[in-house]
Amino acid sequence: MAHISASVYTSHVPAIGAALDLGKTDEPYWQPLFAGYEPSKAWMRAHTPDVILLVFNDHATAFSLEMIPTFAIGMAPGYAVADEGWGPRPVPDVVGHPDLAAHIAESVIQQDFDLTLVNKLDVDHGLTVPLSLLFGQPDAWPCPVIPFAVNVVQYPPPSGRRCLELGKAIRRAVESYDAPLNVQIWGTGGMSHQLQGPRAGLINSEFDRAFLDDLIADPEHLAAKPHIEYLREAGSEGIELVMWLIARGAMADLAGGPAPTVEHRFYHVPASNTAVGHLVLEEARS
Ligand code: DHB
Ligand code: FE
């Protein structure tokens with residue numbers, strides 16, 4: 001059977017992708033940020049999974065305001081890198097895993113979570129920047145990726161509780177897939193940031209650090225946090241953090257198993273307009 005071996009969390013700031021693509025990683029502004037990912041990149045080289053289920057948000061790139069699915073799973077054999085206005089990033093296209101995606105869709109929908117099935121999806125910085133941060137600049141991504149898009153752009157986004165419960169359902173789905181796959185689940189976006197209006201540039205490190213603490217130790221409590229609190233405390237785009245709860249919900253401790261190990265934790269302010277948070281949680285091996 002397939003199993004979930006780890007969950008990985010990271011912000012997805014587009015300027016990080018540009019810094020990588022333009023060879024700026026050693027500049028004083030960027031060096032501390034990329035240094036913070038080095039331990040995870042080394043860990044990832046030794047723990048490359050067979051498949052990544054990557055929870056991210058599309059930024060009106062693939063989905064326009066004409067159609068906004070709350071939860072959407074990529075079913076395709078491959079995904080092109082989107083043109084976000086400056087041309088597509090010079091990174092590899094993403095190879096999918098249609099068979100596992102179809103199984104997860106069937107299982108999760110039968111567990112009463114309505115997913116939109118997406119057969120064509122161009123992926124923006126929400127997906128490519130996390131891949132670049134953890135894998136660097138390879139000629140091909142080292143494993144297939146199933147994109148799992150969440151609406152956090154247009155009100156109303158899903159609640160933290162629903163996201164955590166969805167993660168639990170995804171765990172059950174993966175564990176009922178009849179092939180010995182090592183699957184990681186990634187939660188991306190966040191941390192505190194606001195890109196619009198009078199509070200543009202808002203960063204709340206106290207909120208972010210408490211969020212990381214609770215994500216590790218008390219995700220059930222975190223799931224009760226209402227939207228308005230993200231908005232007030234973490235800024236209008238801080239709501240991206242609910243996606244981290246989907247990945248956290250898929251870990252064993254929320255199904256009665258042992259707590260995961262914190263493999264790496266990193267926090268850095270700022271990158272562009274955003275506080276960058278990063279966490280790797282590894283499952284205890286049975
Ligand atoms: C920035 C952050 C985001 O999450 C995003 O989607 C776009 C821009 C920023 O900090 O610039
Ligand atoms: Fe974003």
Side-chain angles (χ1 to χ4, degrees), residues 8-22 24-25 27 29-30 32-34 36-37 54-65 68-72 79 81-89 91 94 121-134 145 147-158 160 163 186-205 207-208 211-212 215 227 230-231 233-247 266-279:
V8 174
Y9 308 82
T10 181
S11 307
H12 64 212
V13 187
I16 294 175
L20 268 159
D21 302 340
L22 300 173
K24 295 184 174 188
T25 53
E27 288 186 2
Y29 181 85
W30 290 110
L33 176 112
F34 289 106
Y37 282 81
L54 203 155
V55 181
F56 78 112
N57 71 293
D58 175 78
H59 298 75
T61 307
F63 305 126
S64 72
L65 290 179
I68 308 167
T70 301
F71 299 119
Y79 305 91
V81 175
D83 182 340
E84 301 179 57
W86 300 96
R89 288 190 61 214
V91 295
V94 172
L121 179 67
D122 291 351
V123 289
D124 70 10
H125 65 272
L127 187 131
T128 63
V129 167
L131 288 177
S132 297
L133 279 167
L134 274 301
V145 175
F148 193 103
V150 180
N151 169 40
V152 288
V153 167
Q154 174 65 45
Y155 197 84
C163 288
W186 293 16
T188 63
M191 296 198 90
S192 59
H193 64 305
Q194 172 144 348
L195 304 176
Q196 51 192 304
R199 295 203 311 162
L202 177 144
I203 283 174
N204 183 345
S205 298
F207 174 94
D208 291 336
F211 186 93
L212 288 168
L215 191 77
H227 291 149
Y230 287 95
L231 193 67
E233 300 296 327
S236 50
E237 278 66 47
I239 190 65
E240 289 178 347
L241 283 169
V242 292
M243 294 186 288
W244 294 31
L245 292 174
I246 297 178
F266 176 62
Y267 183 72
H268 177 80
V269 174
S272 185
N273 302 290
T274 301
V276 169
H278 172 48
L279 200 58

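For clarity, every value in this text was computed on a predicted model and none was experimentally measured. Numbering of ligands and ligand atoms starts at 1, following listing order.
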For ligand 1, which atoms, with element, lie under 4.0 Å from some heavy atom of T274?
1 (C), 2 (C), 9 (C), 10 (O)

Everything protein-side that's N, O or S and under 2.8 Å from the Fe ion (ligand 2): list it, residue and atom.
H12 NE2, H59 NE2, E240 OE2

Of all the heavy-atom pairs spanning D58 and D122, show the shortest one and how long it is.
OD1-O, 4.3 Å

Option from D124, D83, T128 for which side chain to side chain donor-acceptor pair (under 3.5 Å) with R89 holds:
T128

Which atoms of ligand 1 sit under 4.0 Å from any heavy atom of P14?
1 (C), 2 (C), 3 (C), 5 (C), 7 (C), 8 (C)

Specify whether F207 and Y230 have parallel, tilted or perpendicular ring planes, treating 30° as the upper limit for parallel and 60° as the lower limit for perpendicular.
perpendicular

Of the backbone atoms (N, CA, C, O) and the side-chain heavy atoms from C-beta on, which set of S11 has a member under 4.0 Å from an atom of ligand 1: side chain, backbone, both, or neither?
neither

Please identify which atoms of ligand 1 are closer than 4.0 Å to at least one heavy atom of S272.
9 (C), 10 (O), 11 (O)

May I ask you to list the atoms of ligand 1 that are less than 4.0 angstrom from any heavy atom of V13?
9 (C), 10 (O)

If hydrogens are left out, which of E237, H125, E84 has an atom nearest to atom 5 (C) of ligand 1, that is, the closest non-hydrogen atom?
H125

Are side-chain heavy atoms of L212 and M191 found at a separation under 4.5 Å?
yes

Can you name the ring-ring contact (aromatic ring centres under 6.0 Å, His included) partners of Y37, sequence neighbours left out?
F266, H278

Using a strict cut-off of 4.0 Å, indicate which atoms of ligand 1 neighbour a heavy atom of L195.
1 (C), 5 (C), 7 (C), 8 (C), 9 (C), 10 (O)

In the protein, which heavy atom is nearest to atom 3 (C) of ligand 1, and how far is it?
H193 NE2, 3.4 Å

Can you find a side-chain donor-acceptor pair between H12 and E240 that sits under 3.5 Å?
yes

Measure the CG-CG distance between L54 and L127 for me, rounded to the nearest 0.5 Å.
4.5 Å

Are the side chains of L20 and W30 in touch, meaning some heavy atoms are under 4.5 Å apart?
no

Nearest 0.5 Å, what's the NE2-OG1 distance between H125 and T188?
9.5 Å

Heavy atoms only: give me the nearest L195-A200 pair and the separation to one decimal.
C-CB, 4.1 Å

